[in-house]
Structure formats: C-alpha cells, structure tokens
Number of protein chains: 2
Amino acid sequence: MATGRTHRPATRSRGIPEATVARLPLYLRALTALSERSVPTVSSEELAAAAGVNSAKLRKDFSYLGSYGTRGVGYDVEYLVYQISRELGLTQDWPVVIVGIGNLGAALANYGGFASRGFRVAALIDADPSMAGKPVAGIPVQHSDELETIVRENGVHIGVIATPAGAAQEVCDRLVAAGVTSILNFAPTVLSVPDGVDVRKVDLSIELQILAFHEQRKAGEEAAARTAAGVPAPAATDATTAADGAKRTSATDQGPDGDVPAVMPA
Amino acid sequence: MATGRTHRPATRSRGIPEATVARLPLYLRALTALSERSVPTVSSEELAAAAGVNSAKLRKDFSYLGSYGTRGVGYDVEYLVYQISRELGLTQDWPVVIVGIGNLGAALANYGGFASRGFRVAALIDADPSMAGKPVAGIPVQHSDELETIVRENGVHIGVIATPAGAAQEVCDRLVAAGVTSILNFAPTVLSVPDGVDVRKVDLSIELQILAFHEQRKAGEEAAARTAAGVPAPAATDATTAADGAKRTSATDQGPDGDVPAVMPA
DNA sequence: ATGTCTTTGTGAACGCGTGCACAAAGATGG
DNA sequence: CCATCTTTGTGCACGCGTTCACAAAGACAT
C-alpha cells in the first residue's frame, strides 16, 4: 500500500468501510472493461477474479452499497458502473490542480486515467518562471503566484503535489488556505494539515523497499543470518541466478539523499 | 493506499507483521533526515511525530525488530538507520529494470529516491524501436527484445512495469520467466503471477477516486441526496467556495477510456 | 548509593477486516 | 405449479492491527 490516510481515525463515513471504499475503484475498472465488451451481467465470482479479490469480499462490499444483484444471475454491469460511480462521486466534475511540473508532474498531466473518471486538470502550476506558458499535455503551465487565484476561480477542492520534498509543505499550506480540502501527495514528506483536510500519499520508493524486504526473505535465511552478525553487509549474494552484477558495499554512505522526486521546484 | 499485495495471504514473514514492514520505510526516511542533521538520539514520541504515526505503534513496530532503544533516552539514530536498512534488505544492491519508458517511466528513471535506497536502475526497456539508444536519465533505452538477456545478465529480481495496461501482462510474464520475482506495477491491470512472485501496484487514479469519495462526503449530504434521485448529475454544486467553475454535466459518456497511463508501449 | 524522572517495551482489550458457509431468493425447465 | 439449480446476501468466527496503560529499565542528580 503506497498510501495511508492522514487524520480522521478510521471513521467509516456513513457505514461504508474504508477498506471497501479503497476497492470500489478496482471494481469500477473491471466493470468498465466488461461494459466496453458489452457484457450485460457478471457474477460475483467472475468480477472478483477480474478485480483480483475474493468473491465473498466483493459481495460483502456491494452489500454496503445496497442490494444491486439478482440471485441466480449476478450483477447488471451498467447499473453497477453507475452505482459505484455515483458512490465515489465520479458523476460530477472534479477540477484538479497539479503543482510541480517536473517529470512526474508531466506524467500525471498526461495520464489518461483522470479525465475518464470525472477528473479535469484545471491547471498546472510550477515555481520555475521559465516554465510559465509552456504547454504540457496541452495545458499551459502557470506560475505559483497564480495558485490562490486558480484554486478559487475554478472551485478546486483537490490538489496534487508533485514537488520536491522541501517545497511540499508550503505548497500544501497555500492550497489549503485557498480552499483545497483533499491532497494527493507524491513528495516524500509527511504533510501536516488541519482537521477536515484529507491527505493521501504515494511514495514510489516505499513500494520498492517493501518489495526488497520480501525479496531478501526469498533469497534465503542463510544470507540474512550471515549479515545478522557484525559483518557490515558483505555485498550482494544472489543465491539463485547469480550473474556478475556490479555490486555496491553499502547504501548508507551514498552521498546527499534529499529524497526528492525528480521534478522541478514549485 | 495505492497498493496492495497480491498472493501470499497475510503470511507474516518471520514474525514481522506486514503492516509493520510497510511502515519501516517511513521510519527510515524520518531517521535519515535526523541523521543528516546529526541528531544523535530520538525518542519514540519525536520520531513518531516526524513519521506521522502513533508513538505506541512505532514502539511496537520496533519491538518486532528487537530492543534497540534505551529507556529514559530514546533510540540511537545511526544504529536504527542501520538496523532498519538491514531488515529491509537495503544494505545490498538491487538492480532494477524499468519497462515502458513514457512519461511515467522517465519520471521513475529520474527519481532520486531509488539510488539512495540501494536500488540501481540496471536498464530501461521500451518496445518502441525509435527509442532504442536514446538516453533517459543518462541511461540508454534498450529494446524489449533484450529483456530476457538484460534480466539474466544483471541478476535482476525486481522489475517495474510502466507500460500501458494492454502490454502489462505480457511484459510481466516475460519478466517472471526471465527470473524476476518482485514486480512493481503502475499499469492499471490486475497481473496474474505464479506463486512466489510478489506484485505491488500503484494506481494513480485510484487514489484520486478515494479522495473524491471523501470530498463528496464533505460537500454535504444534501447534494448526494439530490443526485441519488434519477437526476443525471446536475453539475457541480460547490457548497463552500463556489466560484464560477467550468462545469461538465456527466463523466460517463466521456469517450474511449482505455485506462492507460500516458507512457509509450513496451 | 539512593531516589527521582524519563522513556521504552509489552500485556491486554478492542475493533476492523476477512473468509467460511449457508440460508434465502430468484431463474429456469419440466 | 413445482422442483431444481444457480448465485446472492449475510451471520458468524477468527485473526490481525491498533491503542491504552503500566511495569520495568536505565539515566541522572544529589
């Protein structure tokens, strides 16, 4: 899980568990694919397989939304698409601003999965004056000075932060002050926000580190036992497909970290 | 939560709970920042605040790793950095390949948070022949034909998929066949992999949809009640900072979805 | 050496999420 | 109209994760 919610301690917002909400987009994606193939109905078993979850879980999730299935038949695809979209609030238009137009910000601006879900990129904002006016994904980049104006005039409630870690909190504060109440944070920092503001974070390197943990485990316990002694990491061992692999001895003395995504400052 | 593990049903790998593993990178980041400021020790309370978690949770997490703290004082920053790094397997070198060098793939290649964590981008792979040889982040892009060779010769165990959804499963299969056992998937698809292979996924639009859900909730129940009728979404309502805001009526008839990240095919 | 003060490490309780397993519901065929 | 078959919806039990609260442990001052 690349993310985790901040504030609001597990308040299940009106009966729908948080875990269920997190799976609704998954179901929606699978259902959309079925819809495009003009499949009229789908059983919980089939849909669960397509979404990569347990069928009992899926049925329980849907039961929180109401009884939208027909026993002996399954669920009506189109109807379910509508119900989930409505529940997630995707039937309305969500203007979004992206702050920090570096590599990642540009990737997000170009991401097709937004527009098709009711999200509209209202503006791209960057602190670099030389980027002002330059079109990215067909949208001209605007300077940070315009942030407050843009947010207010477009009624933006959702902001995406793709700046370096150092700039994230300040950008966050300004977004919140201007009226944003939901933030998707790609900067590797913990943002502090007032109550009532939701923050979700995506940290690319965290995911990789979790994978590394399990990968190390798979590599066998003997290697772990060896480094568990005082030995300061005797280079990679590669029990299985050991090729040459340019090895490095340690990762701690690796120069300045900074821990920033490769994006332009904002 | 942008992610979720696939397969391996909650097996706590040698006593360390999955939830704890997922937080270790958070602690590590906070500790690294302290280390750079030459802070010698830190209390669970301070570190928890910096990492954005509960202090009791942090102490329990650390208790799974062993007793590394000193009562009345706190934790030794440097020692803890080393212990967590070792536990996560970051003291060794992890060669990684990125497949699909579009906007997102390029952003990942440029991402600074990898190298500082023991991850080394061994190769960039794309299916587009015209990209072959073109340097991205200082690394020449190689054609997909080379995938198996690259993985084998570099002893790569971790692969990152940043291709469109349509190409993801095939890329995944080839990576696994070549020896990759951990995959970080940015393509909006459910990947099926054999047992023993870990998959973590990051879906940008899912995070945004979860935010939209809570945002809709905040906007008040009256608007939800209105659309709950047969009315096909009466445009945005903006209870609070209602500006003009270019409104759109519906998001369902929005043209072809495709649901692909804006990257080149691989 | 002894007492006080700070902070860790953890036992225990609680709540949420998951998955089993089955009864109820409806479709379908005779 | 009845029997059978499929599939939903959910009661229930279990396990994981979180949090509280406190005893144990060590630092530090006197």
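All chains are named by letter (A, B, ...) in the order of the sequence lines, taking the proteins before the strands, and each is independently numbered beginning at 1.
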task: Between protein and nucleotides 25-30 of chain D, map the contacts as a letter string: B base, S sugar-phosphate only, - none, heavy atoms under 4.0 Å, written 5' to 3'.
output: BSS---
message: Are B:Tyr111 and B:Phe114, when compared by the centres of their aromatic rings, separated by less than 6.0 Å?
response: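 Distance test on ring centres: under 6.0 Å, yes.
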message: Measuring centre to centre across the rings, with the benzene-like ring taken for any Trp, is B:Phe62 within less than 6.0 Å of B:Tyr75?
response: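 Close enough - the centres of the two rings lie under 6.0 Å apart.
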Which nucleotide, [options], lies nearest any side-chain atom of [X]?
X       : options               : value
B:Asn54 : D:dG9, D:dT19, D:dG17 : D:dT19
B:Tyr75 : D:dC20, C:dG19, C:dG9 : C:dG9
B:Ala19 : C:dG19, D:dG17, D:dT8 : D:dG17

- line: From the list B:Leu184, B:Val160, B:Val96, side chain to side chain contact (heavy atoms under 4.5 Å, CB included) with B:Leu108 holds only for B:Val160
How close or far is atom [atom2] of [N] from atom [atom1] of [X], stated in whole angstroms?
X       : N      : atom1 : atom2 : answer
B:Glu45 : D:dC20 : CD    : C1'   : 13 Å
A:Glu46 : D:dT6  : CD    : C1'   : 12 Å
B:Leu47 : C:dT6  : CG    : P     : 20 Å
A:Asp61 : D:dG9  : CG    : C1'   : 13 Å
B:Lys57 : C:dA12 : NZ    : P     : 22 Å
B:Glu18 : D:dG15 : CD    : P     : 18 Å
B:Arg59 : D:dA23 : CZ    : C1'   : 13 Å
A:Asp76 : D:dT8  : CG    : C1'   : 15 Å

Heavy-atom closest contact (B:Gly113 atom, A:Ser205 atom, distance): O-CB, 3.8 Å
task: Looking only at non-hydrogen atoms, find the nearest pair between B:Pro188 and B:Asp203 and report the distance.
output: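 Closest pair (atom of B:Pro188, atom of B:Asp203, distance): CB-OD2, 3.5 Å.
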- prompt: Any donor-acceptor pair under 3.5 Å joining the side chain of A:Lys60 to the base of C:dG17?
  reply: no
N/O donor-acceptor pair under 3.5 Å between A:Gln216 side chain and B:Arg86 backbone: yes
query: Any sub-3.5 Å donor-acceptor pair from A:Gln169's side-chain atoms to A:Ser192's backbone N or O?
result: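 It does hold such a pair.
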field: Side-chain N or O of B:Ser43 closer than 4.0 Å to phosphate OP1/OP2 of C:dT7
entry: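 No, B:Ser43 has no side-chain N/O under 4.0 Å of OP1/OP2 on C:dT7.
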